[in-house]
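Below, chains carry the letters A, B, ... as their sequence lines are ordered, and counting in each starts from 1. Computed over heavy atoms, backbone and side chain alike; hydrogens, waters and symmetry mates excluded.
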There are 2 protein chains.
Amino acid sequence: MTLYKKAILPIGFKAHALNCGIRKSNKLDLALFYSDAPAKTAAVFTANKIIAAPLKINKKHLLMSRYFQAIIANSGNANAFTGTAGIKDAQETAKALSKALKIKKEEVLVASTGIIGKRLPAEKIKLAIPVLVKGLSLRGIQKAAHAIMTTDTFSKEMTAKFKLGGKQVTICAVAKGAGMIAPNMATLLCFIFTDAFITQGALNKALKQAVEGSFNRITVDGCMSTNDNVILMANAAAGNPLINTEAGYDLFAKALKLITLELAKMIVKDAEGATKFIQIQVLKAKSVLEAKSVALNIANSNLFKTAVYGQNPNFGRVVAAVGSSGIDVQEKKLSVKLSPLKKKEVSVQVSLGRGQAQATVYTSDLTPEYIKINAEYN
Amino acid sequence: MTLYKKAILPIGFKAHALNCGIRKSNKLDLALFYSDAPAKTAAVFTANKIIAAPLKINKKHLLMSRYFQAIIANSGNANAFTGTAGIKDAQETAKALSKALKIKKEEVLVASTGIIGKRLPAEKIKLAIPVLVKGLSLRGIQKAAHAIMTTDTFSKEMTAKFKLGGKQVTICAVAKGAGMIAPNMATLLCFIFTDAFITQGALNKALKQAVEGSFNRITVDGCMSTNDNVILMANAAAGNPLINTEAGYDLFAKALKLITLELAKMIVKDAEGATKFIQIQVLKAKSVLEAKSVALNIANSNLFKTAVYGQNPNFGRVVAAVGSSGIDVQEKKLSVKLSPLKKKEVSVQVSLGRGQAQATVYTSDLTPEYIKINAEYN
């Protein structure tokens, strides 16, 4: 298996992006991802009870069909908490795109990221659609990866290539960060494209596992987004022997896990204002869930995160965070190790002395720059 | 009922404080609170699973007796995560004080606040005890209120005086903030002294209710402390008709509630680095617990807190926080109101449209100064 830190679309997929005027600067703000053939699709959504309009549309469309051909995604506006008007805006966008692509509107998925509570300028998007469609290309993926960025300072792109039954299979993914990052899930948007020939069951299972081991293991600020959506499309163009939950599954799942974990780490490395990348490993827990919960409690402790920023080895704050996680931990069995804090990558190892399970979570430090970014963001 | 924003000890109580050398500066770091007669005592402790050595001692002593005469409290060292050595240190302090006061060591309560994970310099405390005891006076309470401060910029003091059966009853309380503030509880330390004649049952009930309505309604950073301890001592010197859970209870409970709420608000106003005092009111919830839980979720949202700091009316962040609180709220029934953010006191009103219950929580904004304080604190 070969991994690439850039997006290389599999055969049969195309993308393009442009500035349609949602963002005042000339920054790319509208991306289109397109599959020549209907592609089998799996998706994971935020656990927030208030979800953005595009997610409502996608959930509805996914109930009607499992085959999709297009994702249209904008940055600069989340189309969240926008009521029925927001749903109408997202629907009209999907409809306009479906006409331009000559597909059904139920074969379109929509995504938005940006400010919550403002009406989506659907007219601007509709006006841009013809140009967007005309510009579709294999290489357009880089532009598209940039168009979904908000406060990100670099695009998040990963590709895995591996052989299956003598055929080359590609999985390509793009994601965005960089604030309002917390499980479940913990990325704003991630779009994954593969030419694998795979059953719906295997596709769903692999995506769920990959998200659990990647985007659900990172936190920047403990704030759960209304717009999180990971979409995985498989167009079967590789011509590999069919992957199901047994045959070929391990390799496909491993590749997907690797690239989503890399994207998740990139999101943390590009976290708003971050100066440190922090790995928190909780060992000897009773269950993986327990280990993960304790690790996230440490990762979301502002006091711990500011101590790391200050290169101040205040392990008492780790202890306080462990104790407040609700787990019945005993002081005499608890051990905490901190790596030297001068380095850019820092690790914390906590042993609970309660069992054999473990989990690792990634986070960033809390800095004055995070506050500056979020005090001004609007 | 008359309220005073300063500590005025009831008859029969004395206090004193000095610098015993735990803190390198000349700042007061050791306080003694003393009751001439054994005083009926109620206490509430942090819900953190890792608790500091003094809390272990106090819990043990409270199982043995309900009558206490002294509280010795230090700042600069939390004596938390210090294992059996920490327990020994706290025990020796209590023992040395009991000898100097000629009382039993089980009549002494201990309290510590400061850095976690460092051995308490018990020798320094023991050496200071004779001077501490000698200096006890009614007016010593102001010094004592200052000695328990850590990053606080002002002392937190409140007194309530009211008549009961023709007798004047006094309740006097001192507390400290100013970081690691989150329920349950949400003050580091609070000591309350009253000359009321009251049953143990009424004392316990009134304290529990007061803490629930005050210290459990504030959060600064969502970080739960290992050292939280509220102690209420009643010496019966006022000579009022006995208060039980019926007779006289409402007046006593109301006074206690008022002064603890004022102290809680002072803690938020003096929160580390804070520039804003934020009141979050959640209305039309199914239960008080639900309302409180949603309010705390907003209050602990870094994105919301930085928006308030930036005077940026980003109500989408309130919506995202409501949605992530786990409550099954419907977007169309949810309403959010923000007061103008230019003022020093800001209020948020959220209506869930689910029922008739409500709760109010207080918090502060998240600022670069909070990070500076906590990056350097050690």
Side-chain angles (χ1 to χ4, degrees), chain A residues 46-51 78 80-81 83-84 115-118 179-180 182 221-226 300-304 306-317 319-332 334 336 366-378, chain B residues 46-51 78 80-81 83-84 115-118 179-180 182 221-226 300-304 306-317 319-332 334 336 366-378:
Chain A
T46 179
N48 201 306
K49 294 287 181 185
I50 302 287
I51 63 169
F81 203 56
T84 47
I115 187 107
I116 297 173
K118 287 204 177 161
M180 213 179 254
D221 47 19
C223 293
M224 193 197 278
S225 156
T226 50
N300 284 326
S301 160
N302 283 354
L303 286 175
F304 165 68
T306 52
V308 174
Y309 167 65
Q311 304 189 337
N312 173 347
N314 193 322
F315 75 100
R317 293 181 180 168
V319 172
V322 172
S324 70
S325 62
I327 307 297
D328 199 13
V329 63
Q330 290 188 334
E331 185 180 328
K332 59 175 182 277
L334 178 65
V336 176
L366 178 61
T367 71
E369 188 61 21
Y370 173 90
I371 291 177
K372 189 166 177 278
I373 292 167
N374 284 299
E376 289 168 6
Y377 183 75
N378 207 333
Chain B
T46 178
N48 200 307
K49 294 286 182 185
I50 302 287
I51 63 168
F81 203 56
T84 47
I115 186 104
I116 297 172
K118 286 204 178 161
M180 210 178 254
D221 47 20
C223 293
M224 193 197 280
S225 156
T226 50
N300 284 324
S301 160
N302 282 353
L303 287 173
F304 165 68
T306 52
V308 174
Y309 166 68
Q311 304 190 337
N312 173 347
N314 193 323
F315 76 98
R317 294 183 180 168
V319 171
V322 172
S324 70
S325 63
I327 306 297
D328 200 14
V329 62
Q330 288 188 335
E331 185 180 328
K332 61 174 182 278
L334 178 65
V336 175
L366 179 60
T367 71
E369 188 61 20
Y370 172 89
I371 291 177
K372 189 164 177 278
I373 292 168
N374 285 298
E376 288 169 5
Y377 183 73
N378 207 333

Checklist entry - Would you say the side-chain atoms of A:T226 pair up with the backbone N or O of A:A80, donor to acceptor, closer than 3.5 Å? => result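 Not a single qualifying donor-acceptor pair exists.
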Item to check | Side-chain (A:N314) to main-chain (A:F304) donor-acceptor, under 3.5 angstrom | outcome: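 A pair under 3.5 Å: no.
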Next on the checklist: For a 4.5 angstrom cut-off between non-hydrogen side-chain atoms, does A:T306 reach A:R317?
Outcome noted: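 Yes, close enough: below the 4.5 Å cut-off.
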Checklist entry - Tell me, do A:M224 and A:T46 make a side-chain contact under 4.5 Å, heavy atoms counted? => result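 The answer is yes, as the side chains (C-beta and beyond) meet within the 4.5 Å cut-off.
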Next on the checklist: If you count heavy-atom pairs within less than 4.5 Å of chain B, which of A:I371, A:I50, A:L366 leads?
Outcome noted: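 Sorted descending by pairs with chain B, the first entry is A:I371.
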Checklist entry - chain B heavy atoms under 4.5 Å from A:L334: which part of the residue, side chain, backbone, both or neither? => result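 Contact with chain B is through both the backbone and side chain of A:L334.
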Item to check | Residue part contacting chain B, namely of A:F81, when any heavy atom lies under 4.5 Å | outcome: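 Contact with chain B involves both backbone and side-chain atoms of A:F81.
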Checklist entry - Can you find a side-chain donor-acceptor pair between B:N302 and A:N302 that sits under 3.5 Å? => result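 B:N302 vs A:N302: donor-acceptor pair found between side chains.
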Next on the checklist: If you count heavy-atom pairs within less than 4.5 Å of chain A, which of B:G83, B:A307, B:S324 leads?
Outcome noted: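 When all of B:G83, B:A307, B:S324 are compared, B:S324 has the most.
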Item to check | Top contributor to chain A interface from B:P368, B:G323, B:A321, B:S325 [non-hydrogen pairs under 4.5 Å] | outcome: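 Highest number of pairs under 4.5 Å: B:G323.
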Checklist entry - Relative to chain A, which segment of B:T367 carries a heavy atom at a distance below 4.5 Å: side chain, backbone, both, or neither? => result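 Contact with chain A involves the backbone of B:T367 alone.
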